[in-house]
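For reference, the structure discussed in these notes is given below.
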Amino acid sequence: MRNLSGFLVHLFKREGDSEKVYISVVHDRCLLCEEPIGETSAYLTYRVCPYCRFHYSLNARERIELLADKGTFKESHKYLSSTAPISFSGRGRYRRLLTQVQNRTGLTEAVVTGRCQIDGIEVMLVVLDFGFMGGSMGSVVGEKIATALENAAKRHLPLIALVSGGGSRTQEGVLSLMQMAKTVTAANKLREEGAPFIVVLANPSTGQAYASFANLADIILAEPGSLIGLAPLRAMKEASNRPLPLDAHTAEAHLSHGLLDNVVDRDALHDRLSTLLQILTSQSRDEGDYKDLLKTEIETTGEADAWESVTISRHAERPLAMAYIRSMLDSFIELRGDRLSSDDRSIIGGVGFLCGEPIVIIGQQRRPALEGERYHIYPDGLRKAQRLISLASRFKLPLVTLIDTQGAHPGLESEEQGIGNAIATTLSQMVEAPIPIVSVIIGEGGSEGALALGLSDRILFQQYSIYSPISLNRHLGGPFPDHMLDREAAQALMLTAQDCLELGIGDQIVPEPEGGAHTNPREAAAIMQMAVAQQLAELTRLSTNKLLKRRYQKFRRMGEQTAYSQEAMDLEVELLINITADGERSGRLVRSPVSESSEEVSGDVSMEDGPTAASAPQELNGAGGNSNGHAPNEKPISGVSSGDDS
């Protein structure tokens with residue numbers, strides 16, 4: 001009687017649509033934990049046990065009903081069905097099997113496609129139903145999926161695919177296998193058009209669907225506990241020489257190996273998809289009064305002592321990247337994994353709203369501080385970052401990076417996994433990304449590991465952050481037992497925020513609460529949010545071409561002219577003027593004492609062989625040019641004097 005009442009409720013909720021539908025079995029007690037669930041809202045609405053969170057199967061119509069706005073779903077190619085092009089057991093037998101399944105499920109095939117709205121955003125929906133011959137991919141299934149992908153590309157609509165099943169339909173022979181190629185070709189069309197593609201893997205998701213279009217999505221989610229993988233679990237057991245782990249082939253195992261973006265409970269799926277659609281379609285949120293925030297002036301800060309900066313930047317309680325991300329962004333959704341084999345937690349990232357605007361954010365996350373432990377980045381973490389940079393570029397979303405690392409991991413394992421290639425590829429992607437990029441040094445900026453995510457349009461420094469060309473754990477606080485030596489090294493490296501600003505590396509210093517960000521993390525996050533939002537607001541006004549040109553020039557000219565290089569050039573010019581002035585008076589060129597370290601010049605230099613006062617600056621360091629050996633109209637390419645005056 002419970003199933004009959006559920007059928008009637010479901011039937012009347014469809015507003016008079018009297019087609020046959022397949023209703024899932026209703027259980028009084030959970031099959032896993034044996035708790036009573038028959039009257040709970042979580043089970044009746046979502047088919048989820050409220051106690052152990054076990055997710056029961058849903059058919060295609062039920063899944064659509066949970067996701068689509070009421071009355072908006074319009075099915076396409078509803079009556080397309082298979083004519084049995086090949087049958088190992090006879091055409092008649094296959095037709096009879098299809099008829100039986102169609103009568104039982106109320107579906108014509110294992111997939112339902114159509115258009116609908118999710119929170120007012122129009123999307124194309126593809127839903128595989130495991131209840132129809134295991135959701136296997138026959139010719140009709142492949143055709144309907146490919147057509148949906150092509151229509152989404154043509155209309156530039158986001159496409160959401162809910163996969164359950166997806167194995168091979170052996171009754172159709174090798175034509176079933178060819179549906180993988182058909183759907184992949186159509187999925188590539190969708191990617192070329194720049195339309196969002198999201199896949200949700202349910203229990204089970206295996207075989208041809210998993211190994212074709214489902215793994216080409218921009219974002220891949222999964223329901224908890226889902227069986228996921230190419231081969232059936234039984235085949236894996238037979239092929240393995242040792243017992244499989246308890247979580248093998250599950251959504252959670254795939255997540256830990258970097259193959260999924262996240263695992264989402266069914267009751268949170270609608271809201272999660274709605275947020276992702278808003279972000280990937282670049283829809284702003286009019287929440288809060290952000291205009292006043294963007295106009296607020298950020299107070300300037302005093303210069304921090306080098307050793308004080310080193311100490312505070314390494315403080316054990318200094319806020320981590322994830323703490324800043326969750327404080328600064330609304331509706332943050334973490335996207336995990338490198339889609340190859342790993343989910344390195346030293347790099348975290350995802351999407352969210354910063355002051356109402358959708359962005360992509362990447363952070364270098366310190367690991368829990370243990371005695372003698374260092375925090376580095378690894379090749380798989382950088383490959384995860386590359387995925388997020390590509391996602392931001394593809395959907396024209398601004399990118400923010402938070403930098404806090406002691407450098408690239410120096411171990412053999414990282415070298416064998418291509419740490420050098422990972423850094424170079426990340427740098428290349430950063431410089432070519434056609435989007436505004438803002439980087440913030442929030443702690444330590446250690447060598448190549450920091451630079452990999454720091455090649456951006458604006459580089460911000462928190463007040464007590466540091467940026468170093470070497471991995472400081474090998475020097476400061478490392479093998480030197482004398483703390484005074486550490487202080488001397490810190491001063492010599494010019495690694496403070498103020499030093500980097502004067503060197504032309506940094507663009508702005510972000511103030512911290514007195515004593516450092518760890519004394520008031522919430523205030524530190526609020527100041528950083530304001531600074532980043534203001535920088536992005538300026539950058540988004542620039543065209544893509546101008547943005548890329550300025551970024552190129554910023555790093556191409558890095559080190560050409562700074563306050564230090566200008567001072568060196570002024571001293572050099574003064575030295576030359578004094579030399580020539582003394583030479584004119586005496587008829588000989590002698591070096592004038594300009595500094596305490598000047599030495600007497602021995603030997604005679606005749607006026608005929610030496611430069612005149614007018615030509616001396618141009619002849620220094622080579623043929624006619626300025627003091628750095630270049631044409632008068634060119635800018636100097638080095639902030640370091642050559643020392644030829646000696």
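Side chains are part of it too, since the values below use all heavy atoms of this structure and drop only hydrogens, waters and symmetry mates.
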All heavy atoms of Ala452 vs all of Thr426, minimum pair found to be O-CG2, 3.3 Å

Verify the distance criterion only: is there a donor paired with an acceptor across the side chains of Gln102 and Thr108 at less than 3.5 Å?
-> no

Checklist entry - Between Ser240 and Met236, is there a donor-acceptor pair closer than 3.5 Å when you use the side chain of the first and the backbone of the second? => result no

CD1 of Ile219 to CG of Leu260, rounded to nearest 0.5 Å, is 12.5 Å

Q) Under 3.5 Å, side chain of Glu62 to main-chain N/O of Asn59, donor-acceptor pair present? A) yes

Next on the checklist: Is there a side-chain contact between Leu277 and Asp119 in this structure, where contact means two heavy atoms from C-beta onward sitting under 4.5 Å apart?
Outcome noted: no

Between His77 and Thr147, is there a side-chain heavy-atom distance shorter than 4.5 Å? yes

- Is any side-chain N of the basic residue among Glu193 and Arg394 closer than 4.0 Å to the acidic one's carboxylate O? no

In terms of relative ring orientation, are Phe213 and Phe197 parallel, tilted or perpendicular, with 30° and 60° separating the classes? parallel

Side chain His254, main chain Thr250, donor-acceptor under 3.5 Å: yes

Q: Would you check if the side chain of Arg551 reaches a backbone N or O of Val431 as a donor-acceptor pair within less than 3.5 Å?
A: yes

query = Does a donor on one side chain sit under 3.5 Å from an acceptor on the other, for Gln278 and Arg285?
reply = yes

Taking OH in Tyr552 as the centre, count heavy atoms belonging to other residues, nucleotides or ligands within less than 6.0 Å. Is the count above 12? no

Atom NZ of residue position Lys189 - does it have more than 12 heavy atoms of other residues, nucleotides or ligands inside 6.0 Å? no

### Message
Assess whether a salt bridge exists between Lys384 and Asp343, defined as any Lys/Arg side-chain N lying under 4.0 Å from an Asp/Glu carboxylate O.
### Response
yes

Heavy atoms of Ile403 and Gly445 approach each other most closely as CG2-CA, 4.3 Å

Do Glu172 and Tyr94 have side-chain N/O donor and acceptor atoms under 3.5 Å apart? yes

Could you check whether any side-chain N or O of Arg266 sits under 3.5 Å from a backbone N or O of Tyr46, counting only pairs where one atom can act as donor and the other as acceptor? yes

Smallest heavy-atom separation, Ala202 atom then Ser164 atom, equals CB-CB, 4.3 Å

Rounding to 0.5 Å, atoms CD1 (Ile362) and CD (Gln386) come to a distance of 9.5 Å

Under a 4.5 Å cut-off applied to non-hydrogen side-chain atoms, are Arg115 and Glu75 in contact? no

I want to check something: taking the side chain as every heavy atom from C-beta on, are His409 and Ile377 in contact at a cut-off of under 4.5 Å?
no

To the nearest 0.5 Å, atom OG of Ser205 lies from atom CG of Leu128 at 8.5 Å

Next item on the list: Could you tell me whether the side chain of Val112 reaches within less than 4.5 Å of the side chain of Phe73, counting heavy atoms only?
Entry: yes

Query raised in the report: Checking Asn103 side chain against Thr99 main chain: does a donor-acceptor pair fall under 3.5 Å?
Result: yes

- Query: Do the charged groups of Lys144 and Glu109 touch, with an N to O distance under 4.0 Å?
  - Reply: no

Between the CE atom in Met328 and the CD1 atom in Ile361, the distance rounded to the nearest 0.5 Å is 5.0 Å

For Leu539 and Pro436, the nearest pair of non-hydrogen atoms, with its separation, is CB-CB, 3.7 Å

Are any non-hydrogen side-chain atoms of Ser226 and Leu201 less than 4.5 angstrom apart?
-> no

Which is it for Glu223 and Arg63 under the salt bridge (charged side-chain N to carboxylate O under 4.0 Å, His left out) test, yes or no, and what are the steps along the way?
CA-CA 12 Å; Glu223 291 185 344; Arg63 291 189 180 278; 3.0 Å; yes

query = Can you tell if the side chain of Gln364 reaches within under 4.5 Å of the side chain of Leu453, non-hydrogen atoms only?
reply = yes

Count the heavy atoms of every other residue, nucleotide or ligand shown that sit under 6.0 Å from CD of Gln553, and state whether that count exceeds 12. yes

- Item | Asp267/Arg53 ion pair, N-O < 4.0 Å | yes

Checking Asp380, Asp218, Asp338, Asp261 against Arg387 for salt bridge (charged side-chain N to carboxylate O under 4.0 Å, His left out), the one that qualifies is Asp261

* To do: State whether the side chain of Thr183 and the backbone N or O of Gln179 hold a donor-acceptor pair below 3.5 Å, judged by distance alone.
  => yes

**Prompt:** Got Leu455 and Phe555 here, is their nearest side-chain heavy-atom distance under 4.5 Å?
**Reply:** yes

Please check this pair: side chain of Ser274 against backbone of His270, looking for a donor-acceptor N/O pair closer than 3.5 Å.
no

Scanning both residues in full, the closest heavy-atom pair of Ile435 with Leu397 reads CD1-O, 3.3 Å

Separation between CD1 (Ile442) and CG (Asp404), nearest 0.5 Å, reads 4.5 Å

Given side-chain contact (heavy atoms from CB on, under 4.5 Å), test Leu460 with Val438 step by step and report yes or no. CA-CA 8 Å; Leu460 279 54; Val438 174; 4.1 Å; yes

Intermediate values then yes/no, side-chain contact (heavy atoms from CB on, under 4.5 Å), Ile198 and Leu159: CA-CA 6 Å; Ile198 303 173; Leu159 187 140; over 6 Å; no

| Taking the side chain from Glu252 and the backbone from Gly225, do they hold a donor-acceptor pair closer than 3.5 Å? | yes

request  = Go through the steps to decide whether Met137 and Arg169 satisfy the test side-chain contact (heavy atoms from CB on, under 4.5 Å), and finish with yes or no.
outcome  = CA-CA 6 Å; Met137 285 183 63; Arg169 188 170 297 186; over 6 Å; no

So NE2 of His249 and NZ of Lys237: to nearest 0.5 Å the spacing works out to 10.5 Å

### Message
Any donor-acceptor pair under 3.5 Å linking the side-chain atoms of Ser439 with those of Thr401?
### Response
yes

*Please step through salt bridge (charged side-chain N to carboxylate O under 4.0 Å, His left out) for the pair Arg345 and Glu334, ending with a clear verdict.*
CA-CA 12 Å; Arg345 302 305 292 162; Glu334 185 178 3; 2.8 Å; yes

- prompt: Any side-chain donor-acceptor pair under 3.5 Å between Asp344 and Ser346?
  reply: yes

Start with the C-alpha distance between Val184 and Leu216, add both sets of side-chain angles, then the distance that settles side-chain contact (heavy atoms from CB on, under 4.5 Å), and finish with yes or no. CA-CA 8 Å; Val184 165; Leu216 297 178; 3.8 Å; yes

